[in-house]
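First comes the structure, then the notes that go with it.
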Amino acid sequence: MNRKSQQKFDRLFTLNIPILAMLIFTLFPLYWTINTAFKQEGEIVQRPLSYLPVSPTIDNFVTAWTNVGFSTYFKNSLLVGVCTVLIVLVLSTLSGYALSRYKFKGKRPFLLMLLCTQFIPRSMLIIPLFIIFKNMGLISNPLSLIITYAAVEIPFTTVLMNGFISNVPRELEEAAMIDGCNRLQAIRHVIFPLLIPGIVATSVFTFIYTWNEFLLALMLTNQQGRFTLPVGLSYMMGEFNINYGALAAGSVIALIPAIILFAYAQKHLVNGMGGAVKG
Amino acid sequence: MSLRQEVNASVVSMKNSKPSKKFKIDKWIPYLFILPSTLMIVTFLFYPIGTVFYYSVQNYDVSAPFYNGFAGLDNFIKIFTQDKLFLPSLMTSFKWVISQVGLQLIFGLAFALLLNQKFRFRGAVRAAAFIPWAISGVLASVMWSLMYNEHMGVFNDLLMRLGLISESKAWLADSSTAFAAVVIAELWRGIPFFAITLLASLQSIPEELYEAARVDGAGRWKSFIFVTLPQLKNTIVLTTLLRVIWEFNNVDLLFNLTGGGPAHSTTTLTMYIAEQAVHGSNFGYGSALTVIAFGILLVFAAVYLRITRFERED
């Protein structure tokens with residue numbers, strides 16, 4: 001074997017085969033769920049199993065959306081997600097701006113507080129938050145989830161926004177202020193447009209978190225009409241007679257927004273995460 | 001909490017200093033800007049944590065309110081002397097955390113090293129490998145339950161076609177396989193997080209270090225041991241610590257795939273707390289369990305940071 005083909009042979013074992021194995025492991029569950037979602041009811045349990053639907057149908061999607069309640073779950077999740085994103089964006093831009101542009105005595109304590117929140121076990125929150133929101137009369141009210149999710153996400157998004165704002169040169173803002181803008185105008189006209197990629201990334205992180213969160217949503221919601229998607233899916237899995245086709249179709253429905261947002265934001269992921277972990 | 005006091009103190013001192021000139025308003029601005037976030041975090045994260053400690057020494061049972069009141073250490077005494085589920089669930093928690101974090105670190109590092117090489121369609125392959133990161137625990141539970149299912153599961157089908165088993169098996173209902181089955185499903189969702197953070201860290205290692213190692217005659221393996229690993233150390237320490245806390249608390253898959261069963265073989269301490277909170281009504285007892293879990297995590301974090309001599313990069 002000459003050197004070049006030896007190299008190619010090496011690459012087969014250090015690169016090609018491992019990558020193929022990695023992709024099969026990662027993608028197989030997705031493929032199987034989609035495959036199940038498009039099968040007809042009888043075909044799902046038929047042996048031998050079919051690895052592609054024999055006569056693909058969208059019946060399961062129709063059932064999941066109209067009969068099982070996924071349209072309601074979807075709307076609830078969307079409402080909670082969008083509201084949380086808006087609150088998180090405003091608050092973490094403000095605090096991120098303060099961290100990035102000012103020196104002040106409260107800075108270190110504030111940063112330390114943000115760091116501490118990362119060590120709070122989420123499961124510790126379920127009992128006290130249930131009691132707090134019960135006293136406020138907000139159980140099964142989307143507001144309780146919106147507030148909780150915003151509080152949980154703000155520490156991380158503040159650090160993210162701090163990073164993004166620090167990347168915008170301070171001189172741009174100062175120049176605008178010399179030209180007669182006040183600070184808010186400078187933020188609005190100079191910094192904001194440059195921050196849009198950062199704002200998009202922050203929104204995506206926050207939205208995916210709210211879209212996926214399960215335990216708090218389960219604890220703070222007890223009416224089926226208020227379930228978010230994860231709680232609805234979990235409820236359906238716990239039923240005695242599970243309609244597997246509709247369950248798979250409902251999963252695909254829940255999957256689509258997360259995957260689309262992820263596909264858009266994944267380029268920022270490695271950079272953003274790296275920055276956040278180091279910061 | 002001294003932290004909270006400090007923040008409050010700084011807010012108060014800021015209010016007391018009268019701005020005599022206009023530029024002094026600038027001193028207020030950062031505090032005004034961090035105020036809403038601070039309020040949210042203190043009210044809905046720190047305050048609830050504080051109340052857990054209060055409830056842990058109370059009888060607080062929604063279904064038997066006449067007994068409610070101060071209980072002293074009764075809840076804790078009951079946990080350590082009478083509770084037959086406490087110690088086994090704690091052991092299951094250790095098993096769960098160690099297997100998850102250990103395997104996620106190893107496979108995450110392998111994924112990151114693979115994805116850091118140059119090859120065609122690298123962007124698309126990276127995106128595909130990271131997908132499970134964006135998928136919720138409940139969704140992952142649905143996907144894996146469809147595959148593990150006794151009657152329609154693809155695992156049974158594949159293993160039977162390969163001749164490895166002769167009869168289909170209910171992987172999640174058998175106490176000898178349930179734990180491992182959930183571990184694999186959770187690994188699927190957990191590896192990308194390690195892969196992403198480690199890949200980010202790999203990319204920040206200066207190329208000169210590898211060149212210097214090559215000049216000194218180091219091969220691939222040696223430069224991995226002497227250049228890559230030391231450079232990754234801080235990231236590994238921090239991500240494993242965060243991950244231990246996260247996995248200790250994570251019940252999404254346990255709750256939905258096995259519900260802690262069969263015969264409590266997959267009940268971790270957090271799963272036990274969640275069960276108490278969701279199905280039970282004794283919040284005092286649940287709070288006492290939560291305080292114990294918190295104590296364990298705190299001790300772990302302190303010891304871990306000591307042992308690894310984690311240094312913050314400034």
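The figures that follow rest on heavy atoms only: side chains count, while hydrogens, waters and symmetry mates do not. A, B, ... follow the sequence lines: proteins, then strands. Residue 1 opens every chain. Please read all numbers here as calculations on a predicted model, not as lab measurements.
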Gap separating the [atom1] atom of [X] from the [atom2] atom of [Y], nearest 0.5 angstrom:
X         : Y         : atom1 : atom2 : result
Trp188(B) : Thr26(A)  : CH2   : OG1   : 8.0 Å
Thr38(B)  : Met113(A) : OG1   : CE    : 4.0 Å
Ser145(B) : Ile242(A) : OG    : CD1   : 7.0 Å
Phe255(B) : Leu215(A) : CZ    : CG    : 7.5 Å
Ser37(B)  : Leu114(A) : OG    : CG    : 8.0 Å
Leu129(A) : Tyr47(B)  : CG    : OH    : 10.5 Å

Options [options], ranked by heavy-atom pairs under 4.5 Å with chain A, top entry:
options                                    : answer
Pro132(B), Gly153(B), Ala129(B), Ala301(B) : Ala129(B)
Leu297(B), Leu146(B), Ile245(B)            : Leu146(B)
Ile131(B), Thr270(B), Leu39(B)             : Ile131(B)
Val52(B), Leu139(B), Val278(B), Asn250(B)  : Leu139(B)

Do you know which of [options] has the most heavy-atom pairs under 4.5 Å to chain B?
options                                   : answer
Ser234(A), Ala150(A), Ala258(A)           : Ser234(A)
Val152(A), Thr36(A), Ile147(A)            : Ile147(A)
Asn222(A), Leu125(A), Val88(A), Ile126(A) : Leu125(A)
Leu218(A), Asn16(A), Leu229(A), Ile19(A)  : Ile19(A)
Leu255(A), Thr148(A), Leu27(A)            : Leu255(A)

At their closest point, which heavy atom of [X] faces which heavy atom of [Y], and how far apart are they?
X         : Y         : answer
Arg11(A)  : Lys118(B) : NH2-O, 3.0 Å
Ala151(A) : Leu45(B)  : O-CD1, 3.4 Å
Ala98(A)  : Ile34(B)  : CB-CG2, 3.8 Å

Point to revise | Test side chain to side chain contact (heavy atoms under 4.5 Å, CB included) applied to Phe33(B) and Leu94(A), Thr93(A), Leu91(A), the passing residue | key: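 Of Leu94(A), Thr93(A), Leu91(A), side chain to side chain contact (heavy atoms under 4.5 Å, CB included) with Phe33(B) is met by Leu94(A) alone.
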Under 4.5 Å from any heavy atom of chain A - which part of [X]:
X         : result
Phe107(B) : neither
Leu289(B) : neither
Leu269(B) : neither
Arg189(B) : neither
Ser287(B) : both
Val154(B) : both

Check your understanding: Run the side-chain contact (heavy atoms from CB on, under 4.5 Å) check on Met236(A) and Val142(B) step by step: do they pass?
Key -> CA-CA 10 Å; Met236(A) 205 176 157; Val142(B) 174; over 6 Å; no
Review point. Any idea how Trp133(B) and Phe262(A) line up, ring-wise: parallel (<30°), tilted (30 to 60°), or perpendicular (>60°)?
Key: tilted
Close side-chain approach of [X] and [Y], heavy atoms under 4.5 Å:
X         : Y         : result
Ser141(B) : Met237(A) : yes
Thr290(B) : Ser123(A) : no
Asn149(B) : Tyr244(A) : yes
Ile135(B) : Leu30(A)  : yes
Arg220(B) : Thr14(A)  : yes
Pro29(A)  : Met147(B) : yes
Met124(A) : Ile273(B) : no
Lys27(B)  : Tyr102(A) : no

Counting only heavy atoms not in [X] (residues, nucleotides, ligands), do more than 12 fall under 6.0 Å from its [atom1]?
X         : atom1 : value
Tyr54(B)  : OH    : no
Glu41(A)  : CD    : no
Arg122(B) : CZ    : yes
Phe25(A)  : CZ    : yes
Arg120(B) : CZ    : no

Side chain from CB out, backbone as N, CA, C, O: work out which of these in [X] comes under 4.5 Å of a heavy atom of chain B, or both, or neither.
X         : answer
Ile131(A) : side chain
Phe207(A) : neither
Tyr51(A)  : side chain
Arg101(A) : neither
Ile259(A) : side chain

Review point. Run the side-chain contact (heavy atoms from CB on, under 4.5 Å) check on Phe133(A) and Phe44(B) step by step: do they pass?
Key: CA-CA 10 Å; Phe133(A) 286 116; Phe44(B) 294 103; 3.9 Å; yes
**Study point:** Worked check of side-chain contact (heavy atoms from CB on, under 4.5 Å) between Phe214(A) and Asn256(B)
**Key:** CA-CA 10 Å; Phe214(A) 169 64; Asn256(B) 290 297; 3.7 Å; yes
Exercise for review: Report the C-alpha separation of Met22(A) and Leu115(B) in whole Å, then their side-chain angles, then the decisive distance to 0.1 Å, and conclude whether the side-chain contact (heavy atoms from CB on, under 4.5 Å) test is met.
Suggested key: CA-CA 10 Å; Met22(A) 178 179 78; Leu115(B) 293 170; 3.7 Å; yes
**Study point:** Main-chain N/O of Pro128(A) paired with Tyr55(B) side-chain donor or acceptor, under 3.5 Å
**Key:** no
